[in-house]
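This report refers to the structure that appears directly beneath it.
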Protein chains: 2
Amino acid sequence: MQNKRNFSAKREAIFQELAATDTHPSAEWVYERLKEKIPGLSLGTVYRNLSVFKEMGIARSVGIFNGQERFDANVSYHPHFVCKTCFRIIDLPKGFYPPEKNLYRMIERDCGVSVDDHAITFYGLCHECNGI
Amino acid sequence: MQNKRNFSAKREAIFQELAATDTHPSAEWVYERLKEKIPGLSLGTVYRNLSVFKEMGIARSVGIFNGQERFDANVSYHPHFVCKTCFRIIDLPKGFYPPEKNLYRMIERDCGVSVDDHAITFYGLCHECNGI
DNA sequence: CTAGGTGCAAATTTTTTGCACATGC
DNA sequence: GCATGTGCAAAAAATTTGCACCTAG
């Protein structure tokens, strides 16, 4: 496993930007924020590095919402809430809906597949879009 | 000829094709299958009608996998399994990982959002891709 | 006639990729 | 020098849309 100290300056900055937010940003969002600090940055580099992070296992995709893939540097399991209106993505505590111990093994036995991951996503309206 | 839904012939055929399969197909898949039976059909019409079905609540999106949105005419809640290699999508019995009664209300109270839906997706390798 | 549905192709949007150049060891 | 990283723009791929026509009622 590669230490992120060996990252290039731009790769490091992209990872830090992703890791420092809880907004589960898109590539575009990361690019827009970083191009102020790093004038030479290109959007393609952001895409390429987000792919690198996924392959390394230090980031994951939350899903594609409103046509844009959303990323998360918090790779420990937790459910998400997605607002159907503004596509805000909120982390939910792991305590909501915790997976049973042998759930993957049960599915494997009953369905003839191998399972190594899962995702839980709730949908609705966030506080701002709810008109409250 | 009029059917009970008042769908046009093509709309009805698209819905029937979606409802008759458990493959959770993409628009392309539906189009490829139907264009043999309905020579004049166009891909745009398939896309437009799948959107209509989603708005009507008689179909839903399973998610976007391998760049293609996948649809399901089975709108009653059930978890899905997605093969990371071939992107086959398999229905799992509702009994796996059933939601707790007041889960939505708990999330609403604790997180200040309104919740009306959720999805659970397991990932791994299907039987064919597992080399078994 | 009217309203909705469709074919067709162009446009849109997001993401990927080819290639030349840059950078660090 | 060599391998990796990057800018830039073109390409790719999926989906949406504009518009003219068509069809049912």
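In the text below, chain A, chain B and the rest are named by the order of the sequence lines, each starting its count at 1.
If you chain together hydrophobic residues whose side chains sit under 4.5 Å apart, B/Tyr47 and B/Phe15 fall into the same group. In the hydrophobic cluster analysis, where Ile, Leu, Val, Met, Phe, Trp and Tyr join through side-chain heavy atoms closer than 4.5 angstrom, A/Leu125 is grouped apart from B/Ile107. Linking ILVMFWY residues whenever their side-chain heavy atoms come closer than 4.5 Å, directly or via other members, leaves B/Phe81 and B/Ile89 in distinct clusters. Under the 4.5 Å side-chain heavy-atom criterion for grouping Ile, Leu, Val, Met, Phe, Trp and Tyr, B/Ile64 is not connected to A/Phe65 through any hydrophobic cluster.
DNA chain C is contacted by no residue of residues 13-34 of chain B, taking any non-hydrogen atom closer than 4.0 Å. DNA chain C is contacted by A/Gly67, A/Gln68, A/Glu69 of residues 64-75 of chain A, taking any non-hydrogen atom closer than 4.0 Å. Remark: B/Gly40, B/Leu41, B/Ser42, B/Thr45, B/Arg48, B/Asn49 in residues 38-63 of chain B come within less than 4.0 Å of DNA chain C through at least one heavy atom.
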| task | In sequence, state the C-alpha distance, the side-chain angles, and the governing distance for B/Val115 and A/Tyr123, and then conclude on side chain to side chain contact (heavy atoms under 4.5 Å, CB included). | result | CA-CA 6 Å; B/Val115 181; A/Tyr123 297 92; over 6 Å; no

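Side-chain nitrogen and oxygen atoms of B/Ser8 include at least one within less than 4.0 Å of the OP1 or OP2 phosphate oxygen of C/dT6. B/Lys10 has no side-chain polar atom (N or O) that falls below the 4.0 Å cut-off from OP1 or OP2 of D/dT23.
A side-chain contact (heavy atoms from CB on, under 4.5 Å) with A/Val30 is found for one member of A/Thr23, A/Leu41, A/Val46 and no other, namely A/Val46.
B/Glu69 and B/Ser61 make their closest contact through OE2-OG, 2.7 Å (heavy atoms, listed as atom of the first residue, atom of the second, distance).
Side-chain rings of A/Tyr77 and A/His118 approach one another, their centers coming within less than 6.0 Å.
Between the side chain of A/Arg88 and the main chain of A/Cys83, no donor-acceptor pair closer than 3.5 Å is present.
B/Arg11 has its CZ atom 10 Å from the C1' atom of C/dT6, to the nearest Å.
No salt bridge links A/Arg33 with A/Glu36; every basic N to acidic carboxylate O contact stays at or beyond 4.0 Å.
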